[in-house]
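Starting from 1, each residue takes its place in the sequence as its number.
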Amino acid sequence: MKILSFKSGHDGAVAGIDAPKEHLMFSYEAEKDSLPRNSPIDPNTLIDAGLWFNELPDVLALSGWSTRGENHTAISGAGSFGIDESSAIVGTKNFFGKRLDYYSSSHERSLIWATYAMSPFEQGEPCYVLVWEDALGDFYEIDRDLIIHHKGRVLAAPGRRFSFLYALADPAFSGTSETLGKDFSSKLQSASAHGDARAIDGDAQGLIDALLNNSADSGFLHKDTFRGSPYHNVGVTSPRFQNLAAKYSDAVFSRFHDFAKTNLTKHYPLLISGECGLNYRWNTRWRDSGLFRDVFIPPCTNDSGCAIGTAVDAMRHFTGRAKLDWTVYAGQPFNDDRIDMEGVTSRELNLSEVAAALYDGMVIGWVMGNCEIGPRALGNRSILAAPFSTETRDRVNKIKGRAGLAPVSPVCLEEDVSKHFDWSGPSPHMLHFQQVTDPRLKAVNHVDGSARVQTVTKDQNAMLHDLLTEFKATSGVGVLCNTSLNFKRSGFINKTSDLYKFARSVGLDGFVAGRSFYRF
């Protein structure tokens, strides 16, 4: 049985599962070919997915979704909400002349089953699940029989509430929580690193209470409602706002932590899903809380994993199994469209040569194999640089079109991570917070001394591990700067023509694609 699954709406994706092998064949996100961030599925994504099938799949699955319009709500598949079997649609569909099984379940279920299927725990081991995102802020329990139990709603729409604070302070934004920029959450995370939560005033606490206690009914948060607040358009680099951001981040997390401490007392593992699972500071606080035996966050914790989640839900319905063998490099393969590249010299890839070039200060694009799934560049669609100077950080941020002090993440040999950061063991998907302990790593050391590390083993990514090993032999440190290879506000670059155009336009010193090293 092969299952072909679709996620409509923003963060569109197509996923395929080989159910007898419990194997994720692919997960293709629509944005991952230099298309706008959060793109819906387009025909190219569907055609690429079809290359995996020699014949039609056995099951079509559709991740539920709903969109509120001016006069009505448009429903796709089983819609957005619901956790029991009544929230699924089971039937058949005529598809290219063949009658196929059809399965659709809610967006809520897709988030739950994606993180459950990808987690390392055996099927039948009870787990808690936290879904926190633009709409949901809820805890669940999955029992040994794969039944989902709702443990309680802590806070509606925590993702929107969190991002709205940045919008409130930003004079360039006018609107509501329904029209927030997709990068506001990460920008607020960065602002909170500059702040001191202990330095807030009474105005700040009153605003926090108002934001967290506001009803999530129709209309939700309007910027104009807070026009009288001293934080309205105060500016996102204001120290007063940064202190507020630090306190607000603590306040949102505390709401969920306090609920979990009181109500989730069985010490089960915690699985985290939803876009707030990209908040690496919160993830590490869950890990360090002592409330759970373990904590797992998948690399596609946001809506990019929903096609996978619905495919798993369909597999569970038809086979009783809900676990997957998967790799983070299950995205689209690179497309070498064989263009002429003027002004570029090419030679066969030699990792010691690349390591030497990086040590000499070059900033290099790095393309290997298939795209990563989820929003983090994890060594197959990356920009790499040496980690030693603030000038390198500033240059990488200029290349990316970001503020000069924006954090740049490191990638590190897993066996060496405790030499450079207050961390031991794996952090393969760049989803946790670490303190930098090596003073040499100035390019990846954020203003508060933190970093968001990706650790790498030979089994996880052999080429990146080998490059880090060569760089360590050259520099004494198995760490590099690693940020995503993409045009601004677009998904990962995935073909040679775009890679060449990007490298020329932003001033990369060269790039590696497949078995070749190209230099300008």
Side-chain angles (χ1 to χ4, degrees), residues 1-7 11-32 41 45-63 101 103-105 107 109-123 127 129 142 146 271-273 277 296-334 368-381 426 428-429 431 459-461 491-492 494:
M1 175 186 287
K2 288 187 171 61
I3 301 168
L4 179 62
S5 180
F6 302 89
K7 196 280 179 186
D11 288 329
V14 183
I17 285 180
D18 186 335
K21 296 179 181 179
E22 299 179 12
H23 173 66
L24 176 65
M25 300 187 295
F26 66 91
S27 180
Y28 290 171
E29 298 157 37
E31 69 173 42
K32 297 286 178 70
I41 295 171
T45 316
L46 177 58
I47 291 170
D48 289 344
L51 299 177
W52 278 87
F53 296 90
N54 294 322
E55 56 187 11
L56 290 177
D58 303 287
V59 180
L60 292 177
L62 178 62
S63 190
D101 285 313
Y103 186 88
S104 179
S105 60
H107 172 70
R109 287 177 67 98
S110 72
L111 291 165
I112 294 169
W113 287 116
T115 189
Y116 181 84
M118 299 174 79
S119 72
F121 314 114
E122 293 292 329
Q123 179 163 319
C127 296
V129 182
I142 301 179
L146 304 185
L271 316 179
I272 297 175
S273 193
F296 172 78
I297 312 101
C300 49
T301 185
N302 63 345
D303 285 2
S304 63
C306 287
I308 297 173
T310 300
V312 170
D313 202 1
M315 182 173 73
R316 177 206 56 81
H317 173 81
F318 289 109
T319 72
R321 296 292 301 171
K323 284 290 178 178
L324 285 180
D325 166 51
W326 61 279
T327 171
V328 73
Y329 306 108
Q332 291 93 318
F334 187 70
M368 289 288 162
N370 289 24
C371 281
E372 300 88 334
I373 59 175
R376 303 287 187 231
L378 301 172
N380 277 18
R381 300 292 184 275
H429 303 134
L431 290 169
D459 288 342
Q460 175 193 344
N461 189 322
F492 297 158
N494 204 44

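- Nearest heavy-atom pair, Asn461 versus Gly379, reported as atom, atom and distance to 0.1 Å: ND2-O, 3.8 Å.
- No salt bridge links Lys2 with Asp58; every basic N to acidic carboxylate O contact stays at or beyond 4.0 Å.
- Under a 3.5 Å cut-off, the side chain of Trp326 and the backbone N or O of Met118 do form a donor-acceptor pair.
- Side-chain contact between Asp303 and Leu111: present, with at least one pair of heavy atoms (C-beta onward) separated by less than 4.5 Å.
- The backbone N or O of Glu29 lies less than 3.5 Å from a partner atom in the side chain of Gln332, making a donor-acceptor pair.
- Cys371 is not listed as a side-chain neighbour of Tyr329, based on a closest heavy-atom distance of 4.5 Å or more.
- Neither side chain, His23 nor Asp18, offers a donor N or O lying under 3.5 Å from an acceptor on the other.
- Side chains of Met315 and Tyr103 form no contact here, defined as non-hydrogen atoms less than 4.5 Å apart.
- Of all heavy-atom pairs between Tyr28 and Pro333, the closest is OH-CD, 3.6 Å.
- Remark: the backbone N or O of Leu324 is not paired with any side-chain donor or acceptor of Lys21 at under 3.5 angstrom.
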> When you look at Thr327 and Ile373, which way does the side chain to side chain contact (heavy atoms under 4.5 Å, CB included) test go after all the steps?
Replying inline: CA-CA 9 Å; Thr327 171; Ile373 59 175; over 6 Å; no
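- Gln123 places a side-chain N or O within 3.5 Å of a backbone atom of Ala322 that can act as its donor or acceptor partner.
- You'll find the side chain of Ile41 reaches within 4.5 Å of the side chain of Phe6, heavy atoms only.
- From Trp52, atom CH2 reaches atom CE of Met25 across 7.0 Å, with rounding to the nearest 0.5 Å.
- Here the side chains of Phe318 and Asp101 are in contact, with some heavy-atom distance below 4.5 Å.
- Across every non-hydrogen atom of Ala311 and Ile3, the tightest pair is O-CD1, 3.7 Å.
- Looking at Thr301, its side chain never comes within 3.5 Å of a backbone N or O of Ile297 through a donor-acceptor pair.
- In terms of heavy atoms, Pro375 sits closest to Asn302 at CD-OD1, 3.9 Å.
- Rounding to the nearest 0.5 angstrom, the gap separating the CG atom in Leu146 from the CZ atom in Arg316 is 7.0 Å.
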>> side chain to side chain contact (heavy atoms under 4.5 Å, CB included), that's the test. Do Ser273 and Ile112 meet it? Break it down for me.
In response: CA-CA 7 Å; Ser273 193; Ile112 294 169; over 6 Å; no
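- When atom types are taken as modelled, the side chain of Glu372 and the backbone of Leu378 share a donor-acceptor pair closer than 3.5 angstrom.
- Between the side chains of Ser304 and Asp11, not a single donor N or O lies within less than 3.5 Å of an accepting N or O.
- The distance from the CD1 atom of Ile142 to the CG atom of Leu271 is 6.5 Å, given to the nearest 0.5 Å.
- Within the cation-pi definition used here (under 6.0 Å to the ring centroid, within 45° of the axis), Lys323 qualifies as a partner of Tyr116.
- Using bins of under 30°, 30° to 60° and over 60° for the plane-to-plane angle, the ring pair Phe53/Phe26 lands in the perpendicular bin.
- Side-chain atoms of Thr319 and Glu22, non-hydrogen and from C-beta on, never get closer than 4.5 Å to each other.
- Across Ser5, Ser63, Ser104, a single residue satisfies side-chain hydrogen bond (donor to acceptor under 3.5 Å, both in side chains) together with Thr310, and that is Ser63.
- The backbone N or O of Met368 sits less than 3.5 Å from a side-chain atom of Asn380, completing a donor-acceptor pair.
- Residues Leu24 and Ala15 share a closest heavy-atom pair of CD1-CB, 4.5 Å.
- With contacts defined as side-chain heavy-atom distances shorter than 4.5 Å, the pair Val129/Trp113 does not qualify.
- Note: Cys306 SG to His107 NE2 = 4.5 Å, rounded to the nearest 0.5 Å.
- The shortest heavy-atom contact between Asp313 and Ser105 is OD2-OG, 2.6 Å.
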